[in-house]
Participant: 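So that we are looking at the same thing, I have put the structure below in structure tokens.
Just the heavy atoms: all of them, side chains too, but no hydrogens, waters or symmetry mates, feed the values below. Whatever order the structure lists ligands and atoms in, that order sets their numbers, starting from 1.
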Amino acid sequence: MLEKEISELSPAEAAAELKRIAEEMAKADEAYYQNDDPYLTDAQYDALKRRNELIEKRFPELKLTDGPSVRIGAAVRSEFGKVKHKIPMLSLGDIFSEEELADFTAGINRFLGYETDTQITYSAEPKIDGLSFSARYEHGKFVKGATRGDGTTGEDITENLKVIKDLPLTIEADNIPEILEVRGEVYMSKADFLELNAQNEKEGKKLFANPRNAAAGSLRQLDANITKERKLSLFVYTWGDVSDIIWDSQSQFLEDVRQWGFKTNPYNRICHTTQALTDYFEYLMKERANLPYDIDGIVYKTDSLALQNRLGFLTRTPRWAIAHKFPAEQAFTKINNIRIQVGRTGALTPVADLEPVNVGGVIVSHATLHNEDEIRRKDIRIGDTVVIQRAGDVIPQVVEVVKEKRTPEAEEFDFPHICPMCGAHAIKEEDEAVRRCTGGLTCPAQAIERLKHFVSREAFDIEGLGAKIMEEFYHEGIIRTPADIFTLEERNKKLRDDLFAALDDGSIYLENREGWGKKSVENLFKAINERRDISLPRFIYALGIRQVGTATSRLIAKNYGSFANFRNDMIQGDTEKLLAIDGIGEAMANDIVEFFAEEHNIKTINELLQRIQVEDFIDETDYNSPIAGKTVVFTGTLEKMTRAEAKAKALSLGAKVAGSVSKNTDYVIVGADAGSKAAKAQELGVTILSEDEFTILAAQK
Ligand code: IVH
């Protein structure tokens with residue numbers, strides 16, 4: 001989408017965009033923080049954040065009270081105990097250029113009443129790309145560990161931190177404050193990340209996108225034994241609650257904690273001039289690839305605590321510190337070939353095979369080219385020299401072709417109109433960017449991708465049936481349809497018991513596969529059998545209907561209650577109930593009906609239902625509550641529960657939770673420091689409740 005210049009936005013457009021960005025970022029935050037599975041690159045995320053800031057700057061009155069500039073991180077996952085931070089764990093503002101750095105230092109000087117070019121001392125520290133933690137020591141003993149969470153309340157990770165070797169469990173020195181909370185970053189080194197992924201790949205487990213996700217996934221384990229198996233490291237860079245602050249500068253703090261046995265980053269530097277900050281930035285950007293861990297920028301902090309105290313804080317970030325982010329990592333390389341991958345829904349995706357190149361410490365050997373329009377738009381040819389970008393994480397992209405380096409041999413890519421995997425026609429609808437194979441399940445690529453989806457984490461979640469094994473099983477004819485998974489044990493046993501088969505070389509039994517044994521086969525069957533009872537949302541999601549993700553699957557389950565109800569309506573093409581669901585539109589309903597209109601899909605479902613049970617969906621919503629069916633809006637800071645908790649409570653009582661106040665709102669629940677939403681509610685005459693009033697109302701039947 002082409003974005004309008006901010007100076008040209010009307011207030012209504014600005015408000016709509018702020019809302020859109022807030023929603024997009026909340027979704028991205030959830031993927032990143034809750035599920036450790038991001039879908040936006042860091043660069044894309046930063047761009048959103050940036051645009052949000054600029055719009056808010058031009059229209060300060062439209063700023064959302066719970067928008068991205070106010071909210072940090074993500075709400076606490078419920079399985080972990082909670083830890084309330086006595087001193088909140090804050091975030092940092094970002095800058096991306098030398099000009100912005102000059103603005104930052106000038107702003108500090110102005111605030112302090114100094115001349116613009118006064119040189120003050122800064123501590124410059126690599127910004128470690130991991131997860132922040134807080135560790136509390138009482139009388140030198142480690143007593144409590146927490147994640148940042150939403151900045152106010154984090155998750156209790158005491159047991160997990162205990163197994164990280166860089167964290168001392170007791171510290172001894174005469175000058176250690178009785179209460180000392182040190183804070184810093186837990187990370188996974190690049191080498192440990194590669195090793196973990198190699199191991200996971202071998203075992204057919206999910207791969208992590210980058211070291212940060214691997215660290216997050218490893219730290220936030222309810223079973224600390226798993227954390228222990230993963231190699232995590234940490235650096236300390238700041239403090240929280242401290243009974244007696246005995247240092248007068250950031251650098252003194254770093255030195256004190258280092259002497260007490262904590263790890264501090266060896267690249268932390270003191271800079272006495274703005275020029276020194278810039279020089280250090282240039283230096284670290286080059287050095288970055290050689291560091292054993294990922295860093296995504298440099299943090300500058302005024303070194304003197306006296307100055308920090310005078311400068312104080314903006315809403316959620318200190319005025320005395322800023323994060324200077326590195327640009328996305330880029331490199332030059334050559335395109336050796338372009339090939340086509342066929343996905344679950346038949347989409348043909350062009351992938352470039354590259355001359356392997358080191359991009360910020362990660363060897364990159366392919367990049368996605370998205371679709372045929374993209375290849376045409378960027379005029380990408382086989383043999384071209386290109387700039388590729390690994391934007392923090394995910395799949396590398398081709399930024400542009402270096403035209404000066406193009407040779408006469410460079411070859412245009414003919415995008416196939418026939419599926420390279422099965423030979424069926426591949427067609428492109430007018431309004432779609434992708435070309436799709438029409439082969440359906442007769443196309444092996446689609447069949448394999450569907451099977452992989454079927455056993456994936458949010459679907460049947462069968463441990464032991466990873467991507468690689470699934471491909472092997474498909475090609476060897478061991479598993480061709482979802483139902484085959486549930487007949488595998490029987491078939492394997494029959495083969496084993498069969499006299500003739502026994503006289504064979506035996507390679508047909510799973511137990512005799514290379515690298516397998518009795519135990520791994522038993523484990524596999526156990527994992528499969530545990531899934532013979534499956535929840536309705538998982539089952540619907542596992543079918544792999546186009547556009548139907550986990551959230552939609554849950555909506556369908558909730559509204560239909562049983563698979564039989566859903567299937568009957570769909571087979572009859574009756575979409576009335578479906579379209580009445582908030583969040584399901586015509587296009588999605590069409591895809592669903594089309595899915596059920598295909599005979600092979602019905603066959604697959606029937607075969608499956610002979611071997612598994614789909615549980616009915618029990619709706620736990622309490623419709624007797626006085627807030628059932630009402631639309632509520634939360635605003636301001638709640639004191640006794642997190643926003644996520646309040647929202648979950650309201651939803652469980654059958655209420656709808658909205659993000660903004662309108663005449664359709666029934667209740668606005670107002671916490672501390674509520675802003676424009678409370679005012680709007682008053683204006684519209686909407687009932688306003690305090691947090692306590694809401695709690696009382698929610699408890700009524
Ligand atoms: S100081 C009040 N120092 O970056 C300031 N943060 O976007 C608190 N980070 O939440 C943070 N390296 O997770 C600080 N040397 C460093 C850091 C650092 C990485 C992370 C941290 C923080 C985030 C801010």
Participant: Quick one: which ligand 1 atoms are inside 4.0 Å of a heavy atom on Ser132?
Facilitator: 10 (O), 13 (O)
Participant: Can you find a non-hydrogen atom of Arg148 under 4.0 Å from ligand 1?
Facilitator: yes
Participant: Give me the nearest non-hydrogen protein atom to atom 14 (C) of ligand 1 as residue plus atom name, then the distance to 0.1 Å.
Facilitator: Tyr237 CE1, 3.2 Å
Participant: What part of Glu185, side chain, backbone, both or neither, has a heavy atom within less than 4.0 angstrom of ligand 1?
Facilitator: side chain
Participant: Rounded to the nearest 0.5 Å, how far apart are NZ of Lys301 and OG of Ser123?
Facilitator: 6.0 Å
Participant: So that I know where these two stand, are Tyr267 and Tyr280 an aromatic pair - ring centroids less than 6.0 Å apart?
Facilitator: no
Participant: So for Ile128, does at least one of its heavy atoms come nearer than 4.0 angstrom to any atom of ligand 1?
Facilitator: yes
Participant: Taking non-hydrogen atoms only, is Lys301 closer than 4.0 angstrom to ligand 1 via side chain, backbone, both or neither?
Facilitator: side chain
Participant: Please write down residue, atom name and distance for the protein heavy atom closest to atom 4 (O) of ligand 1.
Facilitator: Lys127 CE, 3.2 Å
Participant: Could you walk me through whether Glu159 and Lys162 pass salt bridge (Lys or Arg N to Asp or Glu O under 4.0 Å), step by step?
Facilitator: CA-CA 5 Å; Glu159 296 310 312; Lys162 275 187 188 163; 3.4 Å; yes
Participant: For ligand 1, which atoms, with element, lie under 4.0 Å from some heavy atom of Leu92?
Facilitator: 5 (C), 6 (N), 7 (O), 24 (C)
Participant: Over 60° means perpendicular and under 30° means parallel, so tell me whether Tyr137 and Phe262 are parallel, tilted or perpendicular.
Facilitator: perpendicular
Participant: Does Pro318 have a heavy atom less than 4.0 Å from any atom of ligand 1?
Facilitator: yes
Participant: Using the ring pair (Phe, Tyr, Trp, His ring centres under 6.0 Å) rule, take Phe253 and Tyr237 through it: C-alpha gap first, then chi angles, then the decisive distance, then the call.
Facilitator: CA-CA 9 Å; Phe253 164 76; Tyr237 50 68; 9.2 Å; no
Participant: Are the ring centres of Tyr300 and Tyr122 closer than 6.0 Å?
Facilitator: no
Participant: Here's a test for you: under salt bridge (Lys or Arg N to Asp or Glu O under 4.0 Å), which of Arg136, Lys144, Lys84, Lys82 qualifies with Asp156?
Facilitator: Lys144
Participant: When you measure from atom 8 (C) of ligand 1 to every protein heavy atom, which one gives the shortest distance, and what is it?
Facilitator: Leu90 O, 4.1 Å
Participant: When you measure from atom 15 (N) of ligand 1 to every protein heavy atom, which one gives the shortest distance, and what is it?
Facilitator: Glu125 OE1, 2.9 Å
Participant: Backbone, side chain, both or neither: what part of Val299 comes under 4.0 angstrom of ligand 1, heavy atoms only?
Facilitator: side chain
Participant: What do we get for Met89 next to ligand 1 when only non-hydrogen atoms under 4.0 Å count, side chain, backbone, both or neither?
Facilitator: neither
Participant: Between Pro126 and ligand 1, find which residue part has any heavy-atom pair under 4.0 Å and reply side chain, backbone, both or neither.
Facilitator: backbone
Participant: Look up atom CZ in Phe235 and atom OG in Ser132, then write down how far apart they are to the nearest 0.5 Å.
Facilitator: 15.0 Å
Participant: Of Arg58, Lys19, Lys4, which is the lone residue that meets salt bridge (Lys or Arg N to Asp or Glu O under 4.0 Å) with Glu13?
Facilitator: Lys4
